[in-house]
Q: 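Quick one: the structure is below, questions incoming.
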Amino acid sequence: MPELAEVEYFRKRWDPGLGRRVTEVRLPRATRPTRGLTAAKLHAALEGRRLRASFAAAKQMAFRFEGGIWLGIHLGMTGRTECVGAEGTPPHEALSLLMSGGRRLVFADPRQFGRVRLWMGPGEPDWWSAIAPAVLSDAFTEEAVAEFLRRRARSPIKAVLLMQERFPGVGNWMADEVLWRAGFHPRAKAGAFGPVSVRRLHATLREVCADALRVIGKDWSDPPDGWLFNHRWEDGGVCPRTRAPLRRAEVGGRTACWSPARQRLGAERR
DNA sequence: ATTCTTGTTGCATC
DNA sequence: AGATGCAACAAGAA
């Protein structure tokens, strides 16, 4: 589930821990997301440290503690964060931090595709600074998109939009939403996008990222009914703009949903 | 019981 | 060398 805006939402769920000290680290079982980390290692690094700041970028979160300690969390497919009382033990807990003041910051991940990282030192960890420039940043230019599409010329555009090295934070639903709003078929070849189509794609990417952060990133409000988001999973779903039936099929190894009435192959020419 | 899944990685192949 | 496609990871939900 967690893409750009959901990650921003989950980042904020640990806000009650800001300024608080870590008093205890709990790793209930050796789960995949924590890999080689142990409770002892985490405790040695974090005990007594105050949580100073948190960041979200792409599909990752970083929590910075006193002393240059960084805790990185990738939510994978089913990860989530929450803040509970000291006694709480949510199901599928992979890691939690008991904080001064008596609250517990929890990372839970039933399907265990998430990832927890620990880093200490001056500056930023590599896994943080290596994240590609945000879609909403000045560095995300039309030329960068055009160049990337040229290199992936034979791949379907849907698959290309899922590549984090250029479209950080875009996941399955956001890619479908972008293509639907912009009127491009998910199977259109990336190489077929000329300057006019690239411009349209670039603008729509920015629009969807901004909308998602405003609605879902803020407080997980329900997206407006006019978004594809609300219709893409229901069987017999209907395009909110044309009222024509939506189609679903696998594209680039993932389920894609589109509106045949307004997303035709060939529209990406020029 | 079977099939589905909003992510990423590593490997085989082109 | 770089691009492309796909299985694998794991477990809950429908």
Side-chain angles (χ1 to χ4, degrees), chain A residues 1-11 28-36 56-61 72-81 90-95 107-117 126-128 130-132 135 147-181 186-193 205 208-209 211-213 215-217 220-223 227-237 246-258:
Chain A
M1 172 189 318
E3 302 178 22
L4 184 81
E6 289 99 343
V7 172
E8 166 61 9
Y9 172 80
F10 281 122
R11 176 191 71 81
R29 50 197 176 121
T31 56
R32 191 167 182 270
T34 43
R35 306 280 156 86
K59 297 174 188 170
Q60 303 195 61
M61 300 180 290
I73 295 184
H74 192 303
L75 295 167
M77 199 88 104
T78 54
R80 64 173 192 278
T81 51
H92 311 297
E93 180 184 278
L95 162 74
F107 164 55
D109 185 10
R111 204 167 152 191
Q112 300 183 50
F113 285 5
R115 179 85 190 259
V116 177
R117 291 178 160 103
D126 289 349
W127 43 259
W128 191 253
I131 295 172
V135 170
E147 198 274 333
F148 193 76
L149 265 51
R150 277 196 295 275
R151 270 208 294 141
R152 309 290 179 162
R154 290 166 20 168
S155 293
I157 189 66
K158 169 68 188 281
V160 173
L161 290 181
L162 295 176
M163 294 179 180
Q164 300 300 292
E165 65 213 83
R166 178 49 66 198
F167 306 105
V170 174
N172 210 20
W173 82 253
M174 289 182 77
D176 280 354
E177 187 78 29
V178 167
L179 293 173
W180 174 73
R181 290 195 196 185
R187 282 200 238 267
K189 296 286 183 245
F193 284 65
L205 275 155
V208 169
C209 285
D211 284 353
L213 285 169
V215 173
I216 297 170
W220 207 290
S221 300
D222 290 335
W227 295 16
L228 179 66
F229 183 96
N230 294 316
H231 311 278
R232 60 190 298 282
W233 289 126
E234 59 199 24
D235 284 331
L246 293 167
R247 273 214 58 192
R248 260 196 320 239
E250 191 163 297
V251 178
R254 311 297 304 279
T255 300
C257 176
W258 72 97

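Naming: A, B, ... by sequence-line order, numbering from 1 per chain. Hydrogens, waters and symmetry mates are skipped; everything else that's a heavy atom, side chains included, is used.
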Q: Given dG7(B), dT4(C), dT6(B), identify the nucleotide with an atom nearest to the side chain of Arg152(A).
A: dT4(C)

Q: Would you mind classifying the nucleic acid contact of Ala159(A) as base, sugar-phosphate or nothing, using non-hydrogen atoms under 4.0 angstrom?
A: nothing

Q: Whole angstrom is fine here: how far is it from CG in Asp176(A) over to P in dT5(B)?
A: 11 Å

Q: Please check the phosphate of dT8(B) (OP1 and OP2 only) for any side-chain N or O of Gln164(A) closer than 4.0 Å.
A: yes

Q: For a quick check of understanding: with a heavy-atom distance under 4.0 Å over all strands, which category does Gly253(A) fall into, base, sugar-phosphate or nothing?
A: nothing

Q: Ignoring backbone atoms, test whether His74(A) places a side-chain nitrogen or oxygen under 4.0 Å from the OP1 or OP2 oxygen of dG7(B).
A: no

Q: Rounding to a whole Å, what distance do you find between Met163(A):CE and dG5(C):C1'?
A: 10 Å

Q: dC4(B) and dC6(C): how far apart are their P atoms, nearest whole angstrom?
A: 16 Å

Q: How many whole angstroms separate atom CD of Glu147(A) from atom P of dG2(C)?
A: 13 Å

Q: Knowing that exactly one of Asp211(A), Leu205(A), Val208(A) qualifies, which makes a side-chain contact (heavy atoms from CB on, under 4.5 Å) with Glu177(A)?
A: Val208(A)

Q: Nearest to the side chain of Pro156(A) - dG7(B), dG5(C), dC4(B)?
A: dG5(C)

Q: Could you give the distance separating dT3(B) and dA7(C) at their P atoms, to the nearest angstrom?
A: 15 Å

Q: Do we count Phe113(A) as stacking onto dC9(C) if the rule is ring centres under 5.5 Å and planes under 30°?
A: yes

Q: Would you mind reading off the distance between Arg151(A) atom CZ and dT4(C) atom C1', rounded to a whole angstrom?
A: 13 Å

Q: As a test of reading the structure: which of dT6(B), dG7(B), dA11(C) is closest to the side chain of Trp173(A), going by heavy atoms?
A: dT6(B)

Q: Whole-Å distance between dT9(B) P and Arg254(A) CZ?
A: 13 Å

Q: Specify whether Trp227(A) and Trp173(A) have parallel, tilted or perpendicular ring planes, treating 30° as the upper limit for parallel and 60° as the lower limit for perpendicular.
A: parallel

Q: Determine whether the aromatic ring centres of residues Trp180(A) and Phe229(A) are separated by less than 6.0 angstrom.
A: no

Q: May I ask you to say what Arg154(A) touches in the nucleic acid, namely base, sugar-phosphate or nothing, with a heavy-atom cut-off under 4.0 Å?
A: sugar-phosphate

Q: How long is the line joining CD of Glu250(A) and P of dT3(B), in whole Å?
A: 14 Å

Q: How long is the line joining CD of Glu6(A) and P of dG7(B), in whole Å?
A: 9 Å

Q: Could you report the tightest heavy-atom contact between Asp109(A) and Gly114(A), atom names first, then the distance?
A: OD2-N, 2.8 Å

Q: Whole angstroms only, please: what is the CD-P distance between Gln112(A) and dT9(B)?
A: 17 Å

Q: Which nucleotide, if any, forms a Watson-Crick or G-U wobble pair with dT6(B), using both distances under 3.5 Å?
A: none

Q: Does some side-chain heavy atom of Leu213(A) sit less than 4.5 Å from a side-chain heavy atom of Glu8(A)?
A: yes

